[in-house]
Amino acid sequence: MSLGPLKAINDKQLNTRSKLVHTPIKGNTADLVGKENHFKQTKRLDPNNDHHHQPAQKKKREKLSALCKTPPSLIKTRGKDYHRGHFLGEGGFARCFQIKDDSGEIFAAKTVAKASIKSEKTRKKLLSEIQIHKSMAHPNIVQFIDCFEDDSNVYILLEICPNGSLMELLKRRKVLTEPEVRFFTTQICGAIKYMHSRRVIHRDLKLGNIFFDSNYNLKIGDFGLAAVLANESERKYTICGTPNYIAPEVLMGKHSGHSFEVDIWSLGVMLYALLIGKPPFQARDVNTIYERIKCRDFSFPKDKPISDEGKILIRDILSLDPIERPSLAEIMDYVWFRGTFPPSIPSTVMSEAPNFENIPEEQSLVNFKDCMEKSLLLESMSSDKIQRQKKDYISSIKSSIDKLEEYQQNRPFLPHSLSPGGTKQKYKEVVDIEAQRRLNDLAREARIRRAQQAVLRKELIATSTNVIKSEISLRILASECHLTLNGIVEAEAQYKMGGLPKSRLPKIKHPMIVTKWVDYSNKHGFSYQLSTEDIGVLFNNGTTVLRLADAEEFWYISYDDREGWVASHYLLSEKPRELSRHLEVVDFFAKYMKANLSRVSTFGREEYHKDDVFLRRYTRYKPFVMFELSDGTFQFNFKDHHKMAISDGGKLVTYISPSHESTTYPLVEVLKYGEIPGYPESNFREKLTLIKEGLKQKSTIVTVD
Ligand code: ADP
């Protein structure tokens, strides 16, 4: 439905409705409402909250929800009558009441006082909450039903969750058992996966926003701070959330922003809180909480022992770097989930710890898969299927919440993981826990590597390079980079498969490399000497003169619209007059390099070096200088004076030590060995990561400004 004008109203309109019903008082509802009391800092940071714009008021701030008066006992809207029932709870913004339609069906009415919507910003925020929540349909998300308004309030009609929230559960029970938390985490992950697949970040996941339906299934609610990303790579910059649950990148990330991973972080906080009894970064004041979050200052108290598997999962989720946090799919693969897993949560959960001790291992696995299945964690659905499910789900929820069960059973597809047959048959392939643990470790290592690469990528900014004005030349360079990068990746794959037999190893050919260089680009250009002793100057206008060492000859190389580069051969004795100045510069550099620079390698011209080679591009990065030679060799001179060249399309690696010893190896062999033989100090692995990053960067640049 459309929400009507929802105009900002002034104070005079406040409470003007006749027959005001007295609002049930907090006192008698405190138990039910459960304001995360033992989570001291629960007031969420909401940049749009009008309250934040009134700093002058010294007196204790009244919650905006206090402006919301109890709705009349009969609410009439668009021909439909709703009967107000009892008070359900109160948030910072809204009060929630039970509400019954003519057919007797019961809903929750989240009621927002129009008096609290004073600014356009707040109005937009409420509309956004409605819009986002309305677009959600998942068994573990509070179902949005409808919304309407009267003179005083805006009503958001929701699926009723009559059994409180995880917050209330924890308040009553103090701490939960691991099997229960496994079940809850699975349902929450299902809902988060669904939200993220629709590019929605919730941004306020906390125990108080996750409710129980009549069957003690979890439902995520309160989309008040949710955001939809226009695309996967968009970042959000608003600082919002609830102190205990805020992700570090939200606190630090004024510049880099945040994304989906903030919900994963909050999941980690909840997991810890449920198992330990209080959130991991709890402190007396908000600033201390923030300081603790920013340096990931948390530990597992000895007096509240939890399983090692649980600790591993929590530690991994609470990674400072969002890239290092496991994805939802990776989370579901954690060994921790292979422990005792209940088929459902009994209604006695609020008062006592359920006893799940007698569930056998195989049955636990079946329960786990069932729970994943019901939370839609197993199927990757087509949008068609999602639409169908959404329709089914809404119609089932409208007739009765209990129909959820039926909905689950009637889903139009069969879980592929469930083969027909008895329980024992279904999961004969009981997972090898050790293998699973190793997989978890591998996934963690991969994430850490990914995070390191992301840091490198950010730091890898070219400080100088020769500008190439020909599109075709840029494309040639990009494709060479791509080819070599692929070669390296292939060698890595070969290494993982156990290496190559001798007969398939590439033949060793020392490449031509740059043995000396001088960057004089603020005046003439970039000059270099190759291992063949040829001397080249890459002039600032993009042309190159390459003077050959063993003949009185030189090449003049310039750009060509179709070929990329064209080279003309000259005898020194027949040099065209317009090139004499160029040759003087070459001479100047040759003398300079001879007098001042030492040659970095003993390589010389080999028989297989039939063609002359020139430098197509040099790029100076902080940690290394990268040379791209015309025969497809890439050379990397690192700041620590170790040098490496990658040739033969990524198959060969040449190492040049700081003391100028040089050797060439098949890359796959060095990977097998783990380092350059005899030179462990060269940090080969680290350097290869940088090399790949440099190649990756250069393989995407294809256009000129
Ligand atoms: P706010 O946006 O003001 O934080 P919430 O969405 O958190 O509001 O709702 C406020 C309170 O209303 C909750 O803490 C809970 O007690 C109650 N509530 C919210 N949604 C439901 C629901 N679907 N069923 C039952 N109670 C609900």
Side-chain angles (χ1 to χ4, degrees), residues 30-31 33-46 60-61 63 89-92 164-178 180-181 184-185 188 192 202-211 218 220 222 225 239-253 258 261-308 310-322 325 331 336 350 353:
D31 230 357
V33 178
K35 282 294 98 203
E36 307 205 13
N37 286 349
H38 66 306
F39 284 31
K40 293 193 182 72
Q41 303 298 340
T42 59
K43 206 190 288 163
R44 77 183 180 197
L45 290 183
D46 180 349
K60 199 163 181 278
R61 285 176 186 174
K63 275 204 281 186
E90 178 176 14
S165 70
L166 275 177
M167 191 60 234
E168 280 116 51
L169 175 67
L170 190 63
K171 257 183 80 184
R172 291 189 187 197
R173 293 266 312 281
K174 307 288 182 248
V175 69
L176 305 187
T177 63
E178 297 204 21
E180 294 168 275
V181 181
F184 295 145
T185 309
I188 297 169
I192 302 179
H202 187 283
R203 302 202 295 183
D204 200 20
L205 289 179
K206 56 180 177 183
L207 301 181
N209 279 340
I210 305 183
F211 306 103
L218 287 181
I220 292 182
D222 195 357
L225 292 184
I239 296 178
C240 63
T242 300
N244 263 314
Y245 296 84
I246 283 189
E249 65 270 28
V250 176
L251 298 173
M252 324 253 255
H258 63 262
E261 302 89 356
V262 300
D263 286 344
I264 307 281
W265 174 274
S266 309
L267 174 73
V269 174
M270 291 193 285
L271 204 56
Y272 181 106
L274 292 172
L275 293 174
I276 304 291
K278 63 178 179 59
F281 307 103
Q282 176 74 296
R284 260 174 215 285
D285 63 293
V286 187
N287 285 335
T288 315
I289 294 181
Y290 291 162
E291 286 315 308
R292 292 193 62 191
I293 293 173
K294 281 194 266 183
C295 51
R296 192 181 179 254
D297 169 20
F298 78 99
S299 57
F300 295 99
K302 286 215 172 67
D303 58 332
K304 303 258 174 60
I306 67 164
S307 67
D308 284 346
K311 286 181 192 167
I312 291 173
L313 175 58
I314 292 171
R315 278 202 199 101
D316 282 0
I317 295 184
L318 295 180
S319 293
L320 271 190
D321 188 337
R325 275 169 228 157
I331 288 174
W336 181 67
M350 279 287 171

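- Taking CG from Leu207 and CG from Leu218, the interatomic distance works out to 10.0 Å, rounded to the nearest 0.5 Å.
- Here the CZ-CG distance, from Arg173 to Leu166, works out to 11.0 Å after rounding to the nearest 0.5 Å.
- Note: Ser266 OG to Ile188 CD1 = 10.5 Å, rounded to the nearest 0.5 Å.
- Of all heavy-atom pairs spanning Ala247 and Ile293, the tightest one is C-CG2, 4.2 Å.
- A 4.5 Å side-chain heavy-atom check between Val250 and Tyr245 finds every atom pair outside the cut-off.
- One finds the CG atom of Leu275 at 5.5 Å from the CH2 atom of Trp336 (value rounded to the nearest 0.5 Å).
- Atom NE2 of His202 sits about 9.0 Å away from atom CD1 of Ile192, to the nearest 0.5 Å.
- Below 30°, between 30° and 60°, or above 60°: for Phe281 and Trp265 the angle between ring planes is below 30°, a parallel geometry.
- Formation of a donor-acceptor pair under 3.5 Å by the Glu178 side chain with backbone atoms of Gly310 is not found in this model.
- Taking the side chain as every heavy atom from C-beta outward, Thr242 and Asn209 never approach each other to under 4.5 Å.
- The side-chain contact (heavy atoms from CB on, under 4.5 Å) search around Lys311 returns Phe300, Ile306, Asp308, Arg315, not counting sequence neighbours.
- Listed here is the closest heavy atom pair of Ala283 and Arg292: CB-CD, 4.5 Å.
- With sequence neighbours left out, Asp321 forms a salt bridge (charged side-chain N to carboxylate O under 4.0 Å, His left out) with no residue at all.
- Between Ile246 and Tyr290, some side-chain heavy-atom pair lies under the 4.5 Å cut-off.
- With a 4.5 Å cut-off on side-chain heavy atoms, Met350 and Leu169 count as touching.
- Taking each heavy atom of Leu225 and Arg203 in turn, the nearest pair found is O-NE, 2.8 Å.
- Side-chain atoms of Leu170 and Glu168, non-hydrogen and from C-beta on, never get closer than 4.5 Å to each other.
- The distance from the CG atom of Leu267 to the CD atom of Glu261 is 13.0 Å, given to the nearest 0.5 Å.
- Counting only distance, with no hydrogens or angles, the side chain of Arg325 and the backbone of Leu320 share a donor-acceptor pair below 3.5 Å.
- Taking 4.5 Å as the limit, some side-chain heavy atom of Ile289 sits within range of a side-chain heavy atom of Gln282.
- Taking the side chain as every heavy atom from C-beta outward, Lys206 and Asn244 never approach each other to under 4.5 Å.
- Two residues are said to be in side-chain contact when any heavy atoms from C-beta on lie closer than 4.5 Å; Ile314 and Ile317 fail this criterion.
- Here the closest heavy-atom approach between residue Gly277 and residue Val175 is recorded as N-CG2, 4.1 Å.
- Contact record, Gly241 with Asp204: C-OD1, 4.0 Å, taken as the closest heavy-atom pair.
- The two residues Gly208 and Ser165 have their closest heavy-atom pair at CA-OG, 3.9 Å.
- Judged by distance alone, the side chain of Arg296 and the main-chain N or O of Leu318 form a donor-acceptor pair under 3.5 Å.
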